[in-house]
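Take a look at the structure set out below.
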There are 4 protein chains.
Amino acid sequence: MARITALAKQESRQRLLEAAAQHFANHGLDGANVDAISLAAGFAKGTLYNYFQSKEQLFAEVLTEACRRALEIYAEAESHGSVRERLRSLAAADVEVLRQQEGFHKVLIREAMSFRNETYPLIAEHLGPFVNKVEQVLAAGVSTGEVRNNQPTDQLALMFAGILTLLYVHHWGSQGIWPDLADIPDLAVSVFLDGAGHATQPESGR
Amino acid sequence: MARITALAKQESRQRLLEAAAQHFANHGLDGANVDAISLAAGFAKGTLYNYFQSKEQLFAEVLTEACRRALEIYAEAESHGSVRERLRSLAAADVEVLRQQEGFHKVLIREAMSFRNETYPLIAEHLGPFVNKVEQVLAAGVSTGEVRNNQPTDQLALMFAGILTLLYVHHWGSQGIWPDLADIPDLAVSVFLDGAGHATQPESGR
Amino acid sequence: MARITALAKQESRQRLLEAAAQHFANHGLDGANVDAISLAAGFAKGTLYNYFQSKEQLFAEVLTEACRRALEIYAEAESHGSVRERLRSLAAADVEVLRQQEGFHKVLIREAMSFRNETYPLIAEHLGPFVNKVEQVLAAGVSTGEVRNNQPTDQLALMFAGILTLLYVHHWGSQGIWPDLADIPDLAVSVFLDGAGHATQPESGR
Amino acid sequence: MARITALAKQESRQRLLEAAAQHFANHGLDGANVDAISLAAGFAKGTLYNYFQSKEQLFAEVLTEACRRALEIYAEAESHGSVRERLRSLAAADVEVLRQQEGFHKVLIREAMSFRNETYPLIAEHLGPFVNKVEQVLAAGVSTGEVRNNQPTDQLALMFAGILTLLYVHHWGSQGIWPDLADIPDLAVSVFLDGAGHATQPESGR
DNA sequence: CATGAATGAGAATTCATTCAT
DNA sequence: AATGAATGAATTCTCATTCAT
């Protein structure tokens with residue numbers, strides 16, 4: 001019985017997290033209404049508070065959950081071949097993560113931009129694992145000569161993650177016209193590695 | 001006397017707009033407190049409502065004002081020399097715009113991420129003139145061979161503006177540690193034109 | 001105009017304080033409902049918060065106000081004659097204070113008994129002036145030999161104030177049957193000075 | 001088996017009562033949290049409601065239990081010697097009762113001050129036996145001349161009980177500095193019998 | 001125009017109590 | 001009996017906005 005109860009509780013929690021992700025996606029963090037989330041999950045007004053201590057903690061938990069899923073997907077991203085290929089693979093994984101909860105990620109990015117003490121550290125932590133993976137690839141690339149060594153790899157990794165975000169934002173801002181989500185991995189890698197300036201000789205490994 | 005009154009009214013309005021920009025910068029749109037803005041401008045609590053109809057409209061007006069100032073500065077940006085030099089000059093102008101109302105731009109960028117129907121068009125309009133200028137430079141660069149022609153220039157221009165924003169965000173997110181505002185123009189141009197991949201021969205014009 | 005406004009505000013504040021005293025008297029501190037107080041004062045729900053920052057602060061202000069009135073009355077209490085007469089006079093003043101806001105004092109005494117960090121210091125401060133006056137009288141009495149010197153005067157003063165409170169409590173507990181408020185000053189002095197044991201010779205100065 | 005079950009139920013009930021006494025002592029009646037009590041007793045949240053119908057009834061039961069224990073201790077108090085000695089003995093018994101559940105008695109006294117219809121009669125009932133015993137001693141004292149006969153003995157008895165309570169309150173209010181619990185019986189008797197006024201000749205039986 | 005008191009809808013949060021398991 | 005998830009009324013407090021002076 002305990003197990004059944006525990007299971008049911010897990011499900012309820014999940015329902016609340018999903019309703020919350022959806023609601024945050026639609027209303028943002030400030031605009032969100034805790035009661036509405038609880039009701040949307042099929043519970044009474046105050047029930048959410050049996051699972052989460054506060055609106056902020058709820059947001060944090062939604063984030064953590066998103067994180068967890070993201071890590072699973074990142075873990076699956078193959079990592080061999082050239083730096084270009086490995087970055088592309090990571091970018092594709094990130095796009096996949098995005099697809100799963102696109103609305104919530106929109107809010108996430110927006111909250112990241114608010115630099116609030118309550119949310120910024122949380123989000124930075126969320127980005128951490130991805131950026132770390134990117135940095136490992138770049139560090140390897142520096143030693144093989146595939147990546148320029150005129151900038152620290154941690155800064156480069158941040159730039160790569162940033163360029164991805166940038167493309168998401170353009171995607172949303174253009175209502176999906178450009179770029180298409182499917183094009184983002186290639187685009188990001190190209191922008192990041194090649195730049196827009198004229199290379200004296202074309203890259204071959206593309 | 002009517003003129004004096006009108007002038008005084010203009011000044012009051014300006015004071016309110018500045019106080020609002022500062023306050024929005026610190027608290028965001030949702031978190032802003034209308035009374036506090038009015039008080040910060042040196043007026044009593046309700047006075048703001050003699051000038052603006054609502055918090056939202058006030059925000060929009062602050063936005064419009066920021067746009068207006070930005071345009072003035074962009075107009076002054078010199079535009080000659082190589083593509084690299086001209087982009088650097090535009091980026092420097094943008095940084096200058098940012099410096100003038102750094103807090104407010106923080107909010108601007110955050111709001112851009114919310115894609116709200118009330119604010120997004122305004123912000124897009126704000127970016128417009130800058131992006132147009134960048135595009136002109138890039139189009140010229142394509143014809144001189146300084147810029148690759150594997151992507152439409154409007155998309156490239158959006159990317160350049162985006163990279164700038166990205167660097168601002170990293171600047172804020174790192175509490176000013178990296179990158180320094182002064183380094184941003186060079187950094188943006190380098191990232192945008194050269195990329196991080198290994199060029200077979202180093203650029204000379206740097 | 002400013003003066004008129006300030007005056008009106010004073011009146012509103014007073015109305016709220018009175019409604020609050022009444023409401024606290026009826027419901028206690030925990031049981032009190034801030035909205036109800038505001039409504040009872042003839043204002044809208046939230047209006048009270050234009051005057052007081054929180055329920056606790058409101059309570060503190062009611063207390064302070066009661067304090068202020070009490071001090072006025074204590075100040076009027078004549079202080080000459082024998083220790084017995086002077087104590088009687090102070091006790092009578094205290095009863096007078098009590099009469100003015102009997103309900104609120106009931107709550108006050110009750111809150112004093114709760115020893116909460118939020119309220120106890122406030123209330124102790126409230127009692128201070130009265131106890132000080134009593135102590136002065138007792139100290140004088142010790143030097144004239146009217147008061148025994150087998151206990152520090154500050155402790156004796158606390159006992160006297162306590163006996164008064166005790167009689168109030170019995171008054172309330174018996175629904176006013178015994179003791180009558182009017183009898184309390186004499187009773188308190190008698191209990192305090194003479195005790196219930198058999199004195200070998202009756203006091204004459206009574 | 002029914003007996004075993006009944007016994008177990010008794011024990012559970014007792015555990016809950018003790019946890020409740022402790023919790024009420026720390027938080028008061030209004031501030032108490034039913035869930036916390038149940039958990040503190042080692043049960044799950046709702047279990048308490050298998051034993052008590054409501055928070056109020058629980059409080060009443062704790063009170064009744066305290067009463068029961070107090071009676072046992074009062075019964076043991078020896079009663080011979082002078083009035084002074086017998087009163088001292090009763091006071092010592094009361095202090096002993098207090099010591100056993102000091103926290104709860106704090107709440108008890110506070111609740112007594114609230115004069116609520118739900119709790120006041122209970123508390124009066126609790127005091128009853130003690131006051132009766134005191135009254136018997138005093139009545140005997142009146143006939144031996146040890147106690148003045150200028151006041152009905154029931155009122156005197158209430159005063160004695162009240163002075164004890166008063167000393168407890170000062171004990172708590174001073175954080176135990178004055179008076180010490182151990183000093184209270186003597187102090188109470190002295191205050192009650194002798195008063196603070198100057199006796200023409202010192203008591204000998206002290 | 002400036003003022004600032006008043007408004008009242010609305011939000012987060014608490015918790016005594018119920019009841020299906 | 002024990003459990004603990006669910007309930008939802010109630011409460012404190014906020015603040016954008018209005019409007020009489």
Side-chain angles (χ1 to χ4, degrees), chain A residues 1-2 4-6 8-9 11-13 30-39 41-56 58, chain B residues 5 8-9 12-13 30-39 42-58, chain C residues 1-2 4-6 8-9 11-13 30-39 41-58, chain D residues 5-6 8-9 12-13 30-39 41-56 58:
Chain A
M1 181 174 127
I4 290 175
T5 301
K9 184 155 191 181
E11 282 174 13
S12 297
R13 192 187 145 88
D30 286 312
N33 180 322
V34 180
D35 289 355
I37 293 174
S38 202
L39 292 171
F43 292 106
K45 225 169 45 108
T47 302
L48 187 143
Y49 282 91
N50 291 337
Y51 293 84
F52 306 98
Q53 294 169 23
S54 69
K55 190 182 186 177
E56 265 65 34
L58 172 61
Chain B
T5 300
K9 186 161 181 179
S12 297
R13 196 186 143 87
D30 287 309
N33 181 319
V34 179
D35 289 356
I37 293 174
S38 205
L39 290 171
F43 291 105
K45 286 190 178 182
T47 303
L48 188 145
Y49 280 88
N50 291 329
Y51 294 85
F52 306 96
Q53 292 167 25
S54 70
K55 192 184 185 178
E56 269 67 32
Q57 198 228 331
L58 171 62
Chain C
M1 182 176 129
I4 290 173
T5 301
K9 186 154 191 183
E11 281 174 13
S12 297
R13 193 187 145 88
D30 285 312
N33 180 321
V34 181
D35 289 355
I37 292 173
S38 203
L39 292 171
F43 292 106
K45 224 168 46 110
T47 302
L48 187 144
Y49 282 90
N50 291 337
Y51 293 85
F52 306 98
Q53 295 169 23
S54 69
K55 190 184 185 175
E56 265 65 34
Q57 198 226 332
L58 172 61
Chain D
T5 301
K9 186 161 181 180
S12 297
R13 194 186 144 87
D30 287 309
N33 182 319
V34 180
D35 289 356
I37 293 174
S38 204
L39 291 172
F43 291 104
K45 285 190 180 184
T47 303
L48 188 145
Y49 280 89
N50 291 330
Y51 294 85
F52 305 97
Q53 295 169 24
S54 71
K55 192 186 188 178
E56 269 67 32
L58 171 61

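Every heavy atom of this structure was used, including side-chain atoms; hydrogens, water molecules and symmetry mates were not. Just so it is clear, the model here is predicted, and its values are computed rather than measured. Just so it is clear: chains get the letters A, B, ... in the order the sequence lines come, proteins before strands, and each one is counted from 1.
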| said: Is it true that, when you exclude C:Gln53 itself, more than 12 heavy atoms of the residues, nucleotides or ligands shown sit nearer than 6.0 Å to its CD? | reply: no
| query | Any side-chain N or O of B:Lys55 under 4.0 Å from OP1/OP2 of F:dT17? | reply | no
| said: Taking 4.0 Å as the cut-off, does a side-chain nitrogen or oxygen of C:Tyr51 come that near to OP1 or OP2 on E:dA5? | reply: no
| note | side-chain hydrogen bond (donor to acceptor under 3.5 Å, both in side chains) filter on D:Asp35, not counting sequence neighbours, yields none
| query | Taking OP1 and OP2 of E:dA5, is either one under 4.0 Å from a side-chain nitrogen or oxygen of C:Thr47? | reply | no
| said: What I want to check is whether an N or O donor and acceptor connect the side chain of A:Lys45 with the base of E:dT13 at under 3.5 Å. | reply: yes
| field | Any N/O donor-acceptor pair, C:Asn50 side-chain to E:dA6 base, under 3.5 Å | value | yes
| For E:dA5, does OP1 or OP2 lie under 4.0 Å from any side-chain N or O of C:Lys9? | yes
| message | Using a 3.5 Å distance criterion without hydrogens, assess whether the side chain of A:Lys9 forms a donor-acceptor pair with backbone atoms of A:Tyr51. | response | no
| query | Is any side-chain N or O of C:Tyr49 closer than 4.0 Å to OP1 or OP2 of F:dT14? | reply | no
| request: Look at all strands and tell whether C:Ala32 reaches a base, only sugar-phosphate, or nothing, counting heavy atoms closer than 4.0 Å. | output: sugar-phosphate
| query | Is there a side-chain polar atom (N or O) of A:Ser54 under 4.0 Å from OP1 or OP2 of E:dA12? | reply | no
| said: Measuring from the side chain of D:Ala44 (C-beta onward, heavy atoms only), which nucleotide among F:dG4, E:dT7, F:dT7 has the closest atom? | reply: F:dG4
| said: Could you tell me the Watson-Crick or G-U partner of E:dC19, where both distances fall under 3.5 Å? Say none if there is no partner. | reply: F:dG4
| Any C:Asn33 side-chain nitrogen or oxygen under 4.0 Å from OP1 or OP2 of F:dT12 | yes
| said: Which nucleotide wins on minimum distance to the side chain of B:Phe43, given the candidates E:dA2, F:dT7, E:dG10? | reply: E:dA2
